[in-house]
Undergrad: 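Have a look at this one before I ask anything.
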Amino acid sequence: MAGNVTDAIVLDGVHKRYGEKRALDGLDLTVGAGTVHAVLGPNGAGKTTAVRIMSTLLRPDAGRVTVAGLDVRERASDVRRRIGLLGQHAAVDEQLGGRQNLEMFGRLYHLGARRAGSRADELLERFGLADTGRKAVKQYSGGMRRRLDLAASLITEPDVLFLDEPTTGLDPRGRAEVWGAVRSLVGGGTTVLLTTQYLEEADQLADRISLIDDGRAAAEGTSDQLKALVGGDRIDVVLRDASRLAEAAALLGSPGSLLDPDRRLISAPAPDRMAALTGAVRALQEAGIEAEDIAVRRPTLDEVFLSLTGRPGGGEPVGEQAVRETKAAA
Amino acid sequence: MSATTTAIPGQGGPGQGALGREGGAARLTWALADSWTMTRRELAHWARQPVAVLVNLAFPVMLLLMFTYLVGGGRGVQGDPTEFLVPGMLALTMAFGLESTMLAVTQDLNKGVIDRFRSLPMVPGAVLVGRSAADMLQSTAALAVMAGVGYAVGWRWHNGAAAALGAVGLLLLLRFAMLWVGIQLAMVAGRPELVSAVQILVWPVGFLSNVFATPATMPGWLGAVVEWNPMSATATAVRELFGNPGGATGSWAAEHAQLLAVLWPVAIIAVFFPLTVRKFARLSR
């Protein structure tokens, strides 16, 4: 399918405004066929607007959007035959049973009554819902509902699958269920575009990640490439006594340190892992500053987000928001 | 599919050939098939919730019995008050159908299932056709139940089957007009709280009609307002066709009730049908 199309999704300078509010402000995005691409951004960054445009639910004001090689404005109904959409709200009929839902959507994909029925059974089996296919969806757990929603998005084995915040509002178990289901799709040739506020989710599932902010792409790359943008590894030192934070940060010596008094934490760039670790231990010992914990780690996507946008990414523990850049340390 | 089906060059993968661009005849076939699928969806809802269906049917029956035996509807009418009340209640039931349409559409819009439908390669109007088919079926059933109960409490029609069928036609025409008002309100308002507001507001509108009492007993200005209520036109016309007492007032609106019972709904449909179709197509703006 779509054999010679190497880019499954291309957005070129896409604008969309609602009244005065600019939801998308020149968004560019390219997603290679057969890859999993995460669009990561805080609430209101324009993620959902972008997905609704790509999946033909919304018209862009300006810019070009092609999905599976087809222009979404000119070929909307052809695009719809090649995509699956998992929206933010479970887009299934809660009053009907799981199987009734899938069969109905199959008919609406014009599979014909018999094929729609057999496809419904296949998908229920595949997503572990065969036993509960007759139950009304409103009796399903959040994770089951999401899996049914995902099954409904896969009725025609779409070339491109859109997942708009697929795990928002799910408990950890439901999240694991959905992640498992998404991973099982990869390798089947389906291109997956997922939006998320959860940095971990992007890290776990995606080949490439686009950070978007204020309706524009702020950065794009693999998880490692993005983390390298904030200067590679970091060393975290937790002190026993918060009042000596600034002193300790000066000893560690590198510019770009972050201080978090609440957690008594210094986080400094560590271009050379071993040198940073041994250097820090020695310097703190000589100055008589007691450390509770010292560790070298990869930067988090949240730090990438912070450094690119000046604001923390959404969906993470509040602690990160207390991290402040220090000028005194430099 | 037919010979008019054309594959899209380089895009038709396995299982997709049959889904290429259809010609006119094939499009019509799919439009009918999709509409049927959407109607089946509503029928399946009923099968899943028989109690809710029964409650919906019982509610107007309860109103009818209440106004017949408790409240004393049909006051000031020359003739049998029950014969006056039953056709009025039929018209009221049709007009109140507005609520159930609005509620169903609002629920769909808020659940995101409409987004799924819109992202499918189905004929978009099928969503609206399914809604109208189901609501019209439900209302026809409601009319049958109400007529049965009405018969039990002493209501009769006197002008033969043809006139009675004409009356049923006028009632369903009013319901069809309310259907489009209901869908439009749901798409404009779109929130469950506003459905409750409409569920309350239909009552004063319902009482500002000649359903329960003849305008002859009302102050002049109020009687005039009441007579020009579209529901009053249908109620009066249906009373005439059934041969039931109409509480004649001699006004122009009362004398031309059958004409108004056609014109009002047609005018409402002429306004709201295009608005609704346009609004539905513009969900993508």
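Quick note on labels: first sequence line is chain A, next is B, and so on, each numbered from 1.
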Undergrad: Between A:R64 and A:E74 (salt bridge meaning N to carboxylate O under 4.0 Å), is one present in this structure?
TA: no

Undergrad: Given a strict heavy-atom distance threshold of 4.5 Å, which part of A:D149 is in contact with chain B: side chain, backbone, both, or neither?
TA: both

Undergrad: Test the A:R80-A:Y109 pair against the cation-pi criterion, namely NZ or CZ under 6.0 angstrom from the six-membered ring centroid and within 45° of the ring axis.
TA: no

Undergrad: So, A:D61 and A:R17, do they make that salt bridge, N to O below 4.0 Å?
TA: no

Undergrad: Do A:T66 and A:D71 have side-chain atoms, one donor and one acceptor, less than 3.5 Å apart?
TA: no

Undergrad: What residue, out of A:E94, A:R52, A:Q95, has the most heavy-atom pairs lying under 4.5 Å from chain B?
TA: A:Q95

Undergrad: May I ask you to decide whether A:R126 forms a salt bridge with A:E122, counting only side-chain N to carboxylate O separations under 4.0 Å?
TA: no

Undergrad: Using only heavy-atom distances, determine whether the side chains of A:Q100 and A:R134 contain a donor-acceptor pair under 3.5 Å.
TA: no

Undergrad: Please classify the contact between B:A33 and chain A as side chain, backbone, both or neither, with a heavy-atom cut-off of under 4.5 Å.
TA: neither

Undergrad: Is it the side chain or the backbone of A:A152 that comes within 4.5 Å of chain B heavy atoms, both, or neither?
TA: both

Undergrad: Count the heavy-atom pairs under 4.5 Å between each of A:I53, A:I83, A:V79, A:D93 and chain B, then report the option with the highest count.
TA: A:D93

Undergrad: Pick one of side chain, backbone, both or neither for B:R48, based on which atoms fall under 4.5 Å of a heavy atom in chain A.
TA: side chain

Undergrad: Between chain B and each of A:A76, A:G87, A:G97, count heavy-atom pairs under 4.5 Å; write down the option with the most.
TA: A:G97

